[in-house]
Amino acid sequence: RQQQQQRSSSSSGGALREHGGAAARAGMSELYEVEFTNEGPMGINLVSSDDGLDAFVESSEHDQIKPGHCLVAVNHEALDGLSFEDILEKVGSASWPRRLSFATHTRNQANTAEGTLPLPDDFFSDLAKLTNQEEEEIKEFMQSHLDEALNFVTSKPEDKGLRKATESDGIQVFLGNTRDAEDEEVQLVLSKVQIPIPADLMMNAAVTSTRSEFKRIFTMLDPMFGDGDVLHVIPKDYDRYGGKTVRSENLNLPLYSVKWGVWDLPFPLYNRDFVFCEYTCWAPNGYGVSMCMSIPKISATVKNLEASHRIVRGNMGMTGYFWRDTPGSDPKKPMGKNAMSIDLTYLLQINIKGAIPKWAVNLVGPQQGLNVKRVRDYAMKQRELATVFFDNNTELNAFESLSATVVKGTKYESTIFVNKGFELVYEWVLEDHDVVFSITGPNGEKVVPAASHACTIKTDKPYQGRFVAETEGTYTLCWDNSSSWFTNKTVYYHQVAVDPNDPVPWTKWPTKAEALAMESET
(Lines give C-alpha, C1' and ligand atoms only; values in the text may rest on other atoms or scores of the structure.)
Protein backbone atom coordinates (compact mmCIF):
# COMPACT_ATOMS: atom_id res chain seq x y z
CA ARG A 1 0.00 0.00 0.00
CA GLN A 2 1.12 3.53 -0.64
CA GLN A 3 1.88 4.96 2.79
CA GLN A 4 0.51 8.40 2.01
CA GLN A 5 -1.68 9.68 4.82
CA GLN A 6 -4.16 12.37 5.71
CA ARG A 7 -3.46 13.13 9.41
CA SER A 8 -5.27 15.31 11.93
CA SER A 9 -6.37 15.38 15.55
CA SER A 10 -9.82 15.10 17.06
CA SER A 11 -10.26 18.76 17.88
CA SER A 12 -12.83 19.35 15.12
CA GLY A 13 -15.28 16.83 16.55
CA GLY A 14 -17.62 14.67 14.52
CA ALA A 15 -21.38 14.14 14.49
CA LEU A 16 -22.49 10.72 13.20
CA ARG A 17 -25.32 10.31 10.70
CA GLU A 18 -26.25 6.68 9.96
CA HIS A 19 -27.25 5.45 6.51
CA GLY A 20 -26.96 1.74 7.32
CA GLY A 21 -29.47 -0.74 8.75
CA ALA A 22 -32.68 -0.65 6.71
CA ALA A 23 -30.95 1.49 4.12
CA ALA A 24 -28.34 -1.20 3.61
CA ARG A 25 -31.03 -3.77 3.01
CA ALA A 26 -32.63 -1.37 0.53
CA GLY A 27 -29.57 -1.31 -1.63
CA MET A 28 -26.21 -0.29 -0.26
CA SER A 29 -23.45 -1.54 2.00
CA GLU A 30 -23.42 -0.16 5.55
CA LEU A 31 -22.91 3.54 4.93
CA TYR A 32 -22.59 6.42 7.35
CA GLU A 33 -21.69 10.09 7.32
CA VAL A 34 -19.63 12.06 9.82
CA GLU A 35 -19.85 15.84 9.94
CA PHE A 36 -16.84 17.86 11.14
CA THR A 37 -18.00 21.28 12.20
CA ASN A 38 -14.83 22.92 13.53
CA GLU A 39 -12.00 23.88 11.24
CA GLY A 40 -8.82 22.02 12.10
CA PRO A 41 -7.34 18.50 12.26
CA MET A 42 -9.85 15.65 11.93
CA GLY A 43 -7.97 12.81 13.59
CA ILE A 44 -8.07 10.37 10.67
CA ASN A 45 -5.22 8.55 8.89
CA LEU A 46 -6.01 7.39 5.34
CA VAL A 47 -4.01 4.94 3.22
CA SER A 48 -4.34 3.95 -0.41
CA SER A 49 -5.64 0.70 -1.85
CA ASP A 50 -3.23 -1.38 -3.96
CA ASP A 51 -4.63 0.07 -7.18
CA GLY A 52 -4.52 3.64 -5.87
CA LEU A 53 -8.23 4.24 -6.46
CA ASP A 54 -9.62 4.01 -2.92
CA ALA A 55 -8.84 5.60 0.44
CA PHE A 56 -9.14 3.41 3.55
CA VAL A 57 -9.05 4.37 7.21
CA GLU A 58 -5.79 3.15 8.79
CA SER A 59 -6.53 4.67 12.20
CA SER A 60 -9.02 7.11 13.67
CA GLU A 61 -9.56 9.01 16.91
CA HIS A 62 -13.33 8.67 16.45
CA ASP A 63 -15.19 5.64 17.76
CA GLN A 64 -17.59 5.57 14.81
CA ILE A 65 -14.85 5.60 12.12
CA LYS A 66 -13.20 2.18 12.06
CA PRO A 67 -9.95 0.99 10.45
CA GLY A 68 -10.63 -0.60 7.07
CA HIS A 69 -13.67 1.55 6.29
CA CYS A 70 -13.64 3.15 2.83
CA LEU A 71 -14.10 6.88 2.22
CA VAL A 72 -16.67 7.25 -0.58
CA ALA A 73 -17.81 10.90 -0.60
CA VAL A 74 -16.80 14.35 0.62
CA ASN A 75 -19.49 16.99 1.12
CA HIS A 76 -21.91 14.81 -0.85
CA GLU A 77 -19.56 14.59 -3.83
CA ALA A 78 -18.72 11.02 -4.90
CA LEU A 79 -15.05 10.02 -5.06
CA ASP A 80 -15.63 7.24 -7.59
CA GLY A 81 -12.90 7.23 -10.26
CA LEU A 82 -10.46 9.52 -8.43
CA SER A 83 -6.89 8.57 -7.60
CA PHE A 84 -5.75 8.42 -3.97
CA GLU A 85 -3.84 11.69 -4.40
CA ASP A 86 -6.95 13.38 -5.82
CA ILE A 87 -9.01 12.06 -2.89
CA LEU A 88 -6.56 13.59 -0.42
CA GLU A 89 -6.75 16.87 -2.32
CA LYS A 90 -10.56 16.71 -2.28
CA VAL A 91 -10.63 16.18 1.49
CA GLY A 92 -8.07 18.90 2.22
CA SER A 93 -9.78 21.54 0.09
CA ALA A 94 -13.39 20.76 1.10
CA SER A 95 -15.39 23.57 2.66
CA TRP A 96 -16.48 23.51 6.29
CA PRO A 97 -18.40 21.89 7.77
CA ARG A 98 -16.88 18.79 6.15
CA ARG A 99 -19.14 15.80 5.64
CA LEU A 100 -17.27 12.55 5.07
CA SER A 101 -19.20 9.45 3.97
CA PHE A 102 -17.76 5.99 4.69
CA ALA A 103 -18.63 2.44 3.61
CA THR A 104 -18.05 -0.41 6.03
CA HIS A 105 -16.77 -2.82 3.37
CA THR A 106 -14.34 -2.50 0.49
CA ARG A 107 -14.95 -2.40 -3.23
CA ASN A 108 -13.24 -5.79 -3.61
CA GLN A 109 -15.49 -7.33 -0.99
CA ALA A 110 -18.52 -5.97 -2.82
CA ASN A 111 -17.31 -7.29 -6.17
CA THR A 112 -16.63 -10.73 -4.70
CA ALA A 113 -20.16 -10.92 -3.33
CA GLU A 114 -21.82 -9.91 -6.61
CA GLY A 115 -22.98 -12.30 -9.31
CA THR A 116 -21.42 -11.98 -12.74
CA LEU A 117 -22.61 -9.56 -15.41
CA PRO A 118 -23.48 -9.64 -18.24
CA LEU A 119 -26.06 -12.33 -17.64
CA PRO A 120 -26.02 -15.44 -19.85
CA ASP A 121 -28.15 -15.19 -23.00
CA ASP A 122 -30.60 -17.77 -21.64
CA PHE A 123 -30.89 -16.34 -18.11
CA PHE A 124 -34.56 -15.43 -18.54
CA SER A 125 -35.45 -18.38 -20.80
CA ASP A 126 -37.88 -19.83 -18.24
CA LEU A 127 -39.97 -16.64 -18.20
CA ALA A 128 -43.56 -17.41 -19.20
CA LYS A 129 -44.86 -15.82 -22.40
CA LEU A 130 -47.37 -13.02 -22.09
CA THR A 131 -51.02 -13.95 -22.45
CA ASN A 132 -53.17 -12.07 -24.95
CA GLN A 133 -54.87 -10.30 -22.04
CA GLU A 134 -51.53 -9.21 -20.59
CA GLU A 135 -50.46 -7.86 -23.97
CA GLU A 136 -53.64 -5.79 -24.23
CA GLU A 137 -53.19 -4.49 -20.68
CA ILE A 138 -49.63 -3.40 -21.47
CA LYS A 139 -50.73 -1.60 -24.63
CA GLU A 140 -53.56 0.17 -22.83
CA PHE A 141 -51.24 1.16 -19.96
CA MET A 142 -48.63 2.73 -22.25
CA GLN A 143 -51.19 4.44 -24.48
CA SER A 144 -52.93 5.93 -21.43
CA HIS A 145 -49.72 7.72 -20.39
CA LEU A 146 -48.66 9.01 -23.82
CA ASP A 147 -50.60 12.29 -23.73
CA GLU A 148 -49.38 12.98 -20.18
CA ALA A 149 -45.76 12.44 -21.24
CA LEU A 150 -46.11 14.63 -24.32
CA ASN A 151 -47.67 17.37 -22.20
CA PHE A 152 -44.74 17.17 -19.80
CA VAL A 153 -42.01 17.45 -22.44
CA THR A 154 -43.74 20.21 -24.44
CA SER A 155 -44.46 22.39 -21.39
CA LYS A 156 -42.05 24.87 -19.86
CA PRO A 157 -39.83 22.88 -17.44
CA GLU A 158 -40.38 25.48 -14.73
CA ASP A 159 -44.13 24.85 -14.92
CA LYS A 160 -43.44 21.20 -14.04
CA GLY A 161 -41.44 22.09 -10.94
CA LEU A 162 -38.01 21.67 -12.54
CA ARG A 163 -35.01 23.93 -12.06
CA LYS A 164 -32.31 24.57 -14.64
CA ALA A 165 -29.16 22.74 -13.50
CA THR A 166 -26.90 23.58 -16.42
CA GLU A 167 -26.90 25.04 -19.91
CA SER A 168 -23.88 24.79 -22.17
CA ASP A 169 -22.96 23.82 -25.72
CA GLY A 170 -26.61 23.98 -26.80
CA ILE A 171 -27.77 21.53 -24.09
CA GLN A 172 -30.21 22.39 -21.31
CA VAL A 173 -30.53 20.13 -18.26
CA PHE A 174 -33.32 20.51 -15.70
CA LEU A 175 -33.62 18.64 -12.39
CA GLY A 176 -36.35 18.16 -9.83
CA ASN A 177 -38.20 15.64 -7.73
CA THR A 178 -41.72 14.63 -6.83
CA ARG A 179 -43.55 11.89 -4.90
CA ASP A 180 -45.11 8.76 -6.38
CA ALA A 181 -48.34 6.96 -5.41
CA GLU A 182 -46.50 5.24 -2.55
CA ASP A 183 -45.23 8.63 -1.30
CA GLU A 184 -41.65 7.73 -2.24
CA GLU A 185 -39.27 10.24 -3.83
CA VAL A 186 -38.99 10.24 -7.62
CA GLN A 187 -36.01 11.88 -9.34
CA LEU A 188 -36.87 14.04 -12.36
CA VAL A 189 -34.43 14.88 -15.15
CA LEU A 190 -35.28 16.67 -18.39
CA SER A 191 -32.79 17.72 -21.04
CA LYS A 192 -33.13 19.35 -24.44
CA VAL A 193 -30.92 19.65 -27.49
CA GLN A 194 -31.16 20.27 -31.24
CA ILE A 195 -29.55 17.68 -33.51
CA PRO A 196 -28.91 17.95 -37.30
CA ILE A 197 -30.61 14.71 -38.39
CA PRO A 198 -34.13 13.97 -39.68
CA ALA A 199 -36.81 12.54 -37.39
CA ASP A 200 -37.00 9.38 -39.52
CA LEU A 201 -33.34 8.55 -38.84
CA MET A 202 -33.84 9.00 -35.10
CA MET A 203 -36.76 6.58 -35.24
CA ASN A 204 -34.70 4.08 -37.21
CA ALA A 205 -32.15 4.00 -34.36
CA ALA A 206 -34.83 3.98 -31.62
CA VAL A 207 -36.50 0.72 -32.72
CA THR A 208 -34.77 -2.02 -30.68
CA SER A 209 -36.68 -5.29 -30.74
CA THR A 210 -33.75 -7.67 -30.13
CA ARG A 211 -31.26 -8.05 -27.30
CA SER A 212 -28.29 -7.09 -29.48
CA GLU A 213 -30.00 -3.92 -30.77
CA PHE A 214 -31.07 -2.91 -27.26
CA LYS A 215 -27.62 -3.39 -25.72
CA ARG A 216 -25.82 -1.70 -28.61
CA ILE A 217 -27.88 1.49 -28.43
CA PHE A 218 -28.06 1.76 -24.62
CA THR A 219 -24.36 0.98 -24.14
CA MET A 220 -23.47 3.65 -26.66
CA LEU A 221 -25.72 6.37 -25.24
CA ASP A 222 -25.73 5.73 -21.49
CA PRO A 223 -22.41 5.17 -19.64
CA MET A 224 -24.32 3.93 -16.57
CA PHE A 225 -25.98 1.08 -18.51
CA GLY A 226 -24.54 -2.28 -17.49
CA ASP A 227 -26.56 -5.04 -19.14
CA GLY A 228 -29.98 -5.73 -20.61
CA ASP A 229 -32.31 -8.10 -22.40
CA VAL A 230 -35.55 -8.04 -24.38
CA LEU A 231 -38.06 -10.25 -22.54
CA HIS A 232 -41.22 -9.83 -24.63
CA VAL A 233 -42.16 -8.19 -27.93
CA ILE A 234 -45.70 -7.17 -28.86
CA PRO A 235 -46.81 -8.48 -31.28
CA LYS A 236 -45.00 -11.78 -30.69
CA ASP A 237 -44.28 -12.21 -34.43
CA TYR A 238 -42.94 -8.68 -34.79
CA ASP A 239 -41.01 -7.96 -37.98
CA ARG A 240 -39.08 -4.69 -38.19
CA TYR A 241 -40.55 -3.72 -41.56
CA GLY A 242 -43.76 -5.73 -41.44
CA GLY A 243 -42.81 -7.74 -44.51
CA LYS A 244 -42.41 -4.59 -46.61
CA THR A 245 -39.32 -3.23 -48.35
CA VAL A 246 -36.50 -2.38 -45.93
CA ARG A 247 -36.74 1.40 -45.79
CA SER A 248 -37.21 3.85 -42.96
CA GLU A 249 -40.75 4.86 -43.88
CA ASN A 250 -41.82 1.21 -43.65
CA LEU A 251 -40.81 0.72 -40.01
CA ASN A 252 -43.44 -1.46 -38.32
CA LEU A 253 -44.93 0.78 -35.60
CA PRO A 254 -46.11 0.94 -32.90
CA LEU A 255 -43.77 -1.46 -31.12
CA TYR A 256 -44.16 -2.56 -27.50
CA SER A 257 -41.15 -4.33 -26.01
CA VAL A 258 -40.74 -5.46 -22.40
CA LYS A 259 -37.12 -5.11 -21.38
CA TRP A 260 -34.85 -5.74 -18.40
CA GLY A 261 -31.90 -3.44 -17.82
CA VAL A 262 -29.35 -2.81 -15.07
CA TRP A 263 -27.64 0.52 -14.37
CA ASP A 264 -24.41 1.00 -12.43
CA LEU A 265 -24.46 3.21 -9.35
CA PRO A 266 -21.30 4.50 -7.65
CA PHE A 267 -19.71 2.32 -4.97
CA PRO A 268 -20.82 1.42 -2.33
CA LEU A 269 -24.42 1.50 -3.59
CA TYR A 270 -25.96 -1.59 -5.10
CA ASN A 271 -26.69 -1.35 -8.81
CA ARG A 272 -30.33 -0.94 -9.89
CA ASP A 273 -32.32 -2.94 -12.40
CA PHE A 274 -35.65 -2.13 -13.99
CA VAL A 275 -38.27 -4.14 -15.83
CA PHE A 276 -40.11 -1.80 -18.18
CA CYS A 277 -42.11 -1.59 -21.37
CA GLU A 278 -40.71 0.56 -24.16
CA TYR A 279 -43.41 2.09 -26.37
CA THR A 280 -42.02 3.22 -29.73
CA CYS A 281 -44.40 5.07 -32.06
CA TRP A 282 -45.26 8.20 -33.97
CA ALA A 283 -47.63 10.28 -31.84
CA PRO A 284 -50.65 11.99 -33.41
CA ASN A 285 -48.97 15.41 -32.98
CA GLY A 286 -46.02 14.28 -35.14
CA TYR A 287 -43.59 13.55 -32.32
CA GLY A 288 -41.41 10.48 -32.42
CA VAL A 289 -41.68 8.62 -29.13
CA SER A 290 -39.53 6.04 -27.37
CA MET A 291 -41.11 5.98 -23.89
CA CYS A 292 -40.32 3.50 -21.12
CA MET A 293 -42.35 2.74 -17.98
CA SER A 294 -42.31 0.06 -15.30
CA ILE A 295 -45.50 -1.98 -14.95
CA PRO A 296 -45.54 -3.50 -11.45
CA LYS A 297 -47.59 -6.54 -12.45
CA ILE A 298 -45.09 -7.45 -15.18
CA SER A 299 -42.01 -6.52 -13.14
CA ALA A 300 -43.10 -8.94 -10.41
CA THR A 301 -42.85 -11.87 -12.86
CA VAL A 302 -39.11 -11.31 -13.49
CA LYS A 303 -36.42 -12.76 -11.22
CA ASN A 304 -35.23 -10.50 -8.43
CA LEU A 305 -31.42 -10.32 -8.40
CA GLU A 306 -30.77 -8.63 -5.06
CA ALA A 307 -29.62 -11.79 -3.28
CA SER A 308 -27.64 -13.25 -6.18
CA HIS A 309 -26.15 -10.13 -7.79
CA ARG A 310 -26.63 -7.31 -5.23
CA ILE A 311 -28.98 -5.55 -7.66
CA VAL A 312 -32.05 -3.71 -6.31
CA ARG A 313 -35.23 -3.47 -8.40
CA GLY A 314 -36.21 0.14 -9.07
CA ASN A 315 -39.30 1.70 -10.60
CA MET A 316 -39.35 3.75 -13.78
CA GLY A 317 -41.97 6.40 -14.49
CA MET A 318 -42.42 8.14 -17.84
CA THR A 319 -38.89 7.98 -19.23
CA GLY A 320 -37.43 8.19 -22.71
CA TYR A 321 -36.84 10.28 -25.82
CA PHE A 322 -39.33 12.53 -27.60
CA TRP A 323 -38.48 14.33 -30.84
CA ARG A 324 -39.83 16.11 -33.89
CA ASP A 325 -38.44 17.78 -36.98
CA THR A 326 -37.48 21.34 -36.02
CA PRO A 327 -40.18 23.72 -37.34
CA GLY A 328 -39.01 25.22 -40.63
CA SER A 329 -36.38 22.54 -41.30
CA ASP A 330 -36.32 20.32 -44.39
CA PRO A 331 -35.82 16.63 -43.39
CA LYS A 332 -34.52 15.83 -46.89
CA LYS A 333 -31.93 18.62 -46.97
CA PRO A 334 -28.67 17.51 -45.31
CA MET A 335 -26.87 20.87 -45.26
CA GLY A 336 -27.35 24.59 -45.63
CA LYS A 337 -30.16 26.94 -44.67
CA ASN A 338 -33.16 25.20 -43.05
CA ALA A 339 -31.32 21.86 -43.22
CA MET A 340 -32.59 18.74 -41.48
CA SER A 341 -32.83 19.06 -37.71
CA ILE A 342 -34.78 17.65 -34.77
CA ASP A 343 -35.69 19.04 -31.37
CA LEU A 344 -34.88 16.21 -28.95
CA THR A 345 -36.08 15.98 -25.35
CA TYR A 346 -35.02 13.34 -22.84
CA LEU A 347 -37.22 12.74 -19.81
CA LEU A 348 -36.33 10.65 -16.75
CA GLN A 349 -38.75 9.88 -13.93
CA ILE A 350 -37.19 7.28 -11.67
CA ASN A 351 -37.47 5.86 -8.18
CA ILE A 352 -34.24 3.94 -7.56
CA LYS A 353 -35.55 2.70 -4.21
CA GLY A 354 -33.68 2.71 -0.93
CA ALA A 355 -32.28 5.54 1.19
CA ILE A 356 -29.91 7.01 -1.38
CA PRO A 357 -27.47 9.64 -0.04
CA LYS A 358 -27.47 13.10 -1.59
CA TRP A 359 -24.02 12.71 -3.15
CA ALA A 360 -25.25 9.73 -5.21
CA VAL A 361 -28.31 11.65 -6.41
CA ASN A 362 -26.05 14.57 -7.35
CA LEU A 363 -23.96 12.21 -9.48
CA VAL A 364 -26.76 10.29 -11.21
CA GLY A 365 -29.08 13.15 -12.22
CA PRO A 366 -26.70 15.28 -14.33
CA GLN A 367 -25.09 12.17 -15.83
CA GLN A 368 -28.47 11.00 -17.14
CA GLY A 369 -29.32 14.49 -18.36
CA LEU A 370 -26.26 14.45 -20.59
CA ASN A 371 -27.55 11.43 -22.52
CA VAL A 372 -28.80 13.89 -25.16
CA LYS A 373 -25.21 15.05 -25.68
CA ARG A 374 -24.20 11.48 -26.45
CA VAL A 375 -27.09 11.21 -28.90
CA ARG A 376 -25.92 14.41 -30.58
CA ASP A 377 -22.28 13.27 -30.71
CA TYR A 378 -23.37 10.05 -32.37
CA ALA A 379 -25.55 11.94 -34.83
CA MET A 380 -22.64 14.19 -35.78
CA LYS A 381 -20.55 11.10 -36.53
CA GLN A 382 -23.37 9.88 -38.76
CA ARG A 383 -23.31 13.20 -40.62
CA GLU A 384 -19.56 12.91 -41.10
CA LEU A 385 -20.01 9.44 -42.58
CA ALA A 386 -22.84 10.65 -44.81
CA THR A 387 -20.51 13.17 -46.43
CA VAL A 388 -18.09 10.30 -47.17
CA PHE A 389 -20.80 8.03 -48.59
CA PHE A 390 -22.61 10.66 -50.72
CA ASP A 391 -23.14 10.15 -54.50
CA ASN A 392 -23.30 6.34 -54.78
CA ASN A 393 -25.80 3.96 -53.16
CA THR A 394 -28.10 6.83 -52.20
CA GLU A 395 -30.66 4.33 -50.86
CA LEU A 396 -28.43 3.98 -47.82
CA ASN A 397 -28.31 7.69 -46.95
CA ALA A 398 -31.45 7.39 -44.81
CA PHE A 399 -30.05 4.50 -42.76
CA GLU A 400 -27.83 4.47 -39.70
CA SER A 401 -24.20 3.54 -40.29
CA LEU A 402 -23.05 0.82 -37.90
CA SER A 403 -19.54 0.46 -36.56
CA ALA A 404 -17.32 -2.40 -35.44
CA THR A 405 -13.79 -2.84 -34.17
CA VAL A 406 -11.97 -5.54 -36.12
CA VAL A 407 -9.48 -6.70 -33.52
CA LYS A 408 -5.94 -7.52 -34.65
CA GLY A 409 -5.60 -11.14 -35.74
CA THR A 410 -9.38 -11.62 -36.10
CA LYS A 411 -12.23 -11.00 -38.52
CA TYR A 412 -15.64 -9.34 -38.23
CA GLU A 413 -18.76 -10.48 -40.09
CA SER A 414 -22.19 -8.98 -40.75
CA THR A 415 -25.02 -10.97 -42.32
CA ILE A 416 -28.13 -9.97 -44.28
CA PHE A 417 -30.94 -12.01 -45.84
CA VAL A 418 -31.59 -11.20 -49.52
CA ASN A 419 -34.47 -12.46 -51.67
CA LYS A 420 -33.69 -13.78 -55.15
CA GLY A 421 -33.76 -10.92 -57.64
CA PHE A 422 -33.28 -8.28 -54.95
CA GLU A 423 -30.26 -6.00 -55.07
CA LEU A 424 -27.79 -6.04 -52.17
CA VAL A 425 -26.56 -2.48 -51.75
CA TYR A 426 -23.62 -2.02 -49.37
CA GLU A 427 -20.82 0.36 -48.48
CA TRP A 428 -18.16 0.73 -45.82
CA VAL A 429 -15.19 2.83 -44.85
CA LEU A 430 -12.31 2.47 -42.37
CA GLU A 431 -11.16 5.05 -39.87
CA ASP A 432 -7.63 4.33 -41.13
CA HIS A 433 -5.31 1.59 -42.47
CA ASP A 434 -6.54 -1.29 -44.66
CA VAL A 435 -8.45 -4.57 -44.34
CA VAL A 436 -9.30 -7.65 -46.43
CA PHE A 437 -12.96 -7.58 -47.52
CA SER A 438 -15.17 -10.25 -49.07
CA ILE A 439 -18.82 -11.30 -49.43
CA THR A 440 -19.90 -14.93 -49.23
CA GLY A 441 -23.21 -16.18 -50.64
CA PRO A 442 -25.73 -18.64 -49.15
CA ASN A 443 -23.94 -21.67 -50.62
CA GLY A 444 -20.46 -20.60 -49.59
CA GLU A 445 -19.61 -19.04 -52.94
CA LYS A 446 -17.46 -15.88 -52.96
CA VAL A 447 -19.72 -13.26 -54.50
CA VAL A 448 -17.06 -10.63 -53.85
CA PRO A 449 -13.57 -12.22 -53.73
CA ALA A 450 -11.30 -11.46 -50.76
CA ALA A 451 -8.95 -8.55 -51.41
CA SER A 452 -7.17 -5.90 -49.38
CA HIS A 453 -8.57 -2.35 -49.51
CA ALA A 454 -7.37 0.91 -47.99
CA CYS A 455 -10.75 2.68 -48.08
CA THR A 456 -10.58 5.28 -45.32
CA ILE A 457 -12.27 8.44 -44.11
CA LYS A 458 -8.92 10.25 -44.42
CA THR A 459 -8.66 9.45 -48.12
CA ASP A 460 -12.39 10.11 -48.66
CA LYS A 461 -12.63 6.82 -50.58
CA PRO A 462 -15.36 4.49 -49.28
CA TYR A 463 -15.90 0.99 -50.67
CA GLN A 464 -19.33 0.91 -52.33
CA GLY A 465 -20.96 -1.89 -54.26
CA ARG A 466 -24.22 -3.54 -55.33
CA PHE A 467 -25.30 -6.70 -57.08
CA VAL A 468 -28.47 -8.66 -57.84
CA ALA A 469 -28.82 -11.82 -55.75
CA GLU A 470 -29.09 -14.90 -57.95
CA THR A 471 -29.75 -17.09 -54.89
CA GLU A 472 -32.09 -16.40 -51.99
CA GLY A 473 -30.51 -16.66 -48.58
CA THR A 474 -28.05 -15.14 -46.12
CA TYR A 475 -25.07 -13.21 -47.43
CA THR A 476 -22.03 -12.61 -45.20
CA LEU A 477 -19.91 -9.46 -45.42
CA CYS A 478 -16.47 -10.08 -43.90
CA TRP A 479 -13.69 -7.71 -42.85
CA ASP A 480 -10.57 -9.80 -42.21
CA ASN A 481 -7.79 -8.38 -40.02
CA SER A 482 -6.04 -11.72 -39.45
CA SER A 483 -2.79 -10.56 -40.98
CA SER A 484 -2.42 -7.65 -38.57
CA TRP A 485 -0.31 -8.37 -35.48
CA PHE A 486 -0.54 -4.96 -33.84
CA THR A 487 -3.41 -2.81 -35.17
CA ASN A 488 -7.16 -2.94 -34.59
CA LYS A 489 -9.30 -1.50 -37.39
CA THR A 490 -12.55 0.47 -37.03
CA VAL A 491 -15.04 -0.05 -39.85
CA TYR A 492 -18.28 1.87 -40.49
CA TYR A 493 -20.77 0.07 -42.70
CA HIS A 494 -24.37 -0.39 -43.71
CA GLN A 495 -26.24 -2.49 -46.21
CA VAL A 496 -29.81 -2.99 -47.43
CA ALA A 497 -31.68 -5.38 -49.74
CA VAL A 498 -33.54 -3.34 -52.37
CA ASP A 499 -36.57 -4.59 -54.31
CA PRO A 500 -35.98 -3.47 -57.91
CA ASN A 501 -39.74 -3.59 -58.52
CA ASP A 502 -40.64 -1.38 -55.58
CA PRO A 503 -43.32 1.00 -56.96
CA VAL A 504 -42.33 3.78 -54.53
CA PRO A 505 -39.17 5.55 -55.70
CA TRP A 506 -36.34 6.04 -53.24
CA THR A 507 -35.73 9.56 -52.00
CA LYS A 508 -33.34 11.45 -54.25
CA TRP A 509 -30.47 12.72 -52.15
CA PRO A 510 -28.10 15.45 -53.33
CA THR A 511 -24.69 14.70 -54.71
CA LYS A 512 -21.70 15.74 -52.65
CA ALA A 513 -21.20 18.83 -54.81
CA GLU A 514 -24.84 19.82 -54.30
CA ALA A 515 -24.57 19.22 -50.56
CA LEU A 516 -21.46 21.39 -50.28
CA ALA A 517 -23.27 24.13 -52.21
CA MET A 518 -26.12 23.90 -49.69
CA GLU A 519 -23.65 24.20 -46.83
CA SER A 520 -22.40 27.53 -48.18
CA GLU A 521 -25.91 29.02 -48.18
CA THR A 522 -26.55 31.93 -45.81
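Nothing fancy with the numbering, it's 1 onward along the sequence. All values reported here derive from a predicted model rather than from experimental measurement.
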>> Set out, in order, the CA-CA distance, both residues' side-chain angles and the distance that settles side-chain contact (heavy atoms from CB on, under 4.5 Å) for L221 and N371, then state yes or no.
In response: CA-CA 6 Å; L221 299 181; N371 281 353; 5.6 Å; no
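Checked against the 6.0 Å centroid criterion, the rings of F225 and F214 qualify as a close aromatic pair. Here the two rings, on Y270 and H309, have centers that are 6.0 Å apart or farther. Taking the centre of each ring, H62 and F36 come in below the 6.0 Å mark. Separation of the W428 and F437 ring centroids falls under the 6.0 Å cut-off. For F322 and Y287, the ring centers are positioned 6.0 Å apart or more.
In summary, R376 and D169 engage in a salt bridge, as defined by a charged side-chain N under 4.0 Å from a carboxylate O. With respect to the salt-bridge test (charged N to carboxylate O, under 4.0 angstrom), the residues K259 and E213 do not qualify.
Distance check: S403 OG to M220 CE gives 7.5 Å after rounding to the nearest 0.5 Å.
Residues T456 and E431 bring no donor and acceptor atom of their side chains to less than 3.5 Å of each other. With no hydrogens or angles considered, a side-chain donor-acceptor pair links W260 and D273 at under 3.5 Å. One side chain, D343 or Q194, offers a donor N or O that lies under 3.5 Å from an acceptor on the other.
Cation-pi geometry between K303 and F123 is satisfied (NZ or CZ under 6.0 Å from the ring centre, within 45° of the ring normal).
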